[in-house]
Amino acid sequence: TDYDQPAVKSNEMVHKEDSEIEIRQCNNDNNKRLLVTGAITLIKNNIIAVIPGKVDYRLSFDIVPTGTVTTGPSSILHFTAGGDCCSFGHRTPAFWFATGNTRLQWRVGDSTNGDFGSEADALPLNVPTTVTLVCLRDYVKLTVGQKVYAATQPTYRFAGNLVVYASDPWHPAAKAVIS
């Protein structure tokens with residue numbers, strides 16, 4: 001399998017043992033968990049699901065930033081086994097906008113670094129952007145619009161029950177709508 005450009009249709013699995021999680025509305029099947037069926041304006045401490053998380057997965061959502069927050073990183077989505085940072089399972093994954101702008105910060109914590117991740121370019125205001133995160137073995141690929149960010153994760157990711165926030169209780173909510 002070519003992991004840089006996986007031959008994956010929207011309703012297929014990345015790998016038969018992986019989980020596919022769609023935030024946006026889609027046709028649901030046995031391999032895909034649909035978390036929301038419409039647009040969500042982000043609100044602090046908003047639990048949208050509790051799911052069994054997998055080590056390998058594909059997560060996809062659309063986001064429309066509508067403004068910026070100057071009081072700290074602003075939360076978009078946060079999958080956690082019970083905390084903000086930085087224990088194993090706290091950021092599995094998590095997304096924020098950086099303070100005062102729409103640079104997308106993303107984390108996919110692992111067994112030795114609960115804050116493993118990076119930062120993508122700023123997203124345009126009032127324009128929908130598709131974000132897709134693929135985690136497969138030690139490979140991590142984030143696609144934001146047409147730009148691809150790739151990393152090799154040093155150790156394994158968390159698997160177990162996860163609370164999904166849109167947005168989390170530890171940061172201000174991002175000024176954005178996701179679907």
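What's counted below: heavy atoms across the whole structure, side chains too, no hydrogens, waters or symmetry copies.
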Show the nearest heavy-atom pair for residues [X] and [Y], with the distance to one decimal.
X    : Y    : answer
A176 : P65  : CB-CA, 3.9 Å
G117 : R107 : C-NH1, 3.7 Å
T102 : T68  : CG2-CG2, 4.0 Å
P73  : P172 : O-CD, 3.3 Å
R157 : V140 : NH1-CG2, 4.0 Å
L42  : S167 : CD2-N, 4.3 Å

With sequence neighbours excluded, give me every salt bridge (Lys or Arg N to Asp or Glu O under 4.0 Å) pair touching [range].
range            : answer
residues 122-136 : none
residues 95-106  : R103-E119
residues 158-179 : none
residues 81-97   : D84-R91, R91-D115

Evaluation steps, side-chain contact (heavy atoms from CB on, under 4.5 Å), between W96 and S75: CA-CA 4 Å; W96 301 265; S75 174; 3.8 Å; yes
How many angstroms lie between atom [atom1] of [X] and atom [atom2] of [Y], to the nearest 0.5 angstrom?
X    : Y    : atom1 : atom2 : answer
L123 : T129 : CG    : OG1   : 4.0 Å
F95  : Q105 : CZ    : CD    : 12.0 Å
K54  : T92  : NZ    : OG1   : 14.5 Å
D121 : L104 : CG    : CG    : 10.0 Å

Heavy-atom side-chain contact between P93 and L59 under 4.5 Å: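 Yes, their side chains come closer than 4.5 Å.
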Heavy-atom side-chain proximity of L142 to K147 below 4.5 angstrom: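 No, side chains not in contact.
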Taking side chain to side chain contact (heavy atoms under 4.5 Å, CB included) as the definition, give me every residue that meets it alongside [X], ordered by chain and number, with sequence neighbours left out.
X    : value
S118 : W106
T70  : none
T41  : V177
S111 : F88, T155, Y156

Linked, directly or transitively: Y57 and F61 (ILVMFWY side chains, under 4.5 Å):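 Yes.
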Hydrophobic cluster membership, Y139 vs V55, 4.5 Å side-chain cutoff: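 In one cluster with Y139: V55, no.
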H90: partners by ring-ring contact (aromatic ring centres under 6.0 Å, His included), with sequence neighbours left out: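 H90: no ring-ring contact (aromatic ring centres under 6.0 Å, His included) contacts found.
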N/O donor-acceptor pair under 3.5 Å between Q153 side chain and F116 backbone: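 Looks like no, no N/O pair under 3.5 Å.
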Pair I63-L77, side-chain contact (heavy atoms from CB on, under 4.5 Å): steps then yes or no: CA-CA 11 Å; I63 185 164; L77 282 170; over 6 Å; no
Hydrophobic cluster partners of L125 (side-chain heavy atoms under 4.5 Å):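 Traced through the cluster, L125 reaches no other member.
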Residues that, via side-chain heavy atoms closer than 4.5 angstrom, fall in one hydrophobic cluster with W170: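 Noted: W170 shares its cluster with I47, V50, V163, Y165.
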side-chain contact (heavy atoms from CB on, under 4.5 Å) between Y149 and V144, worked out: CA-CA 8 Å; Y149 304 84; V144 180; 4.1 Å; yes
Criterion side chain to side chain contact (heavy atoms under 4.5 Å, CB included) against I178, the qualifying member of V64, D62, I76: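 Exactly one pass, corresponding to I76.
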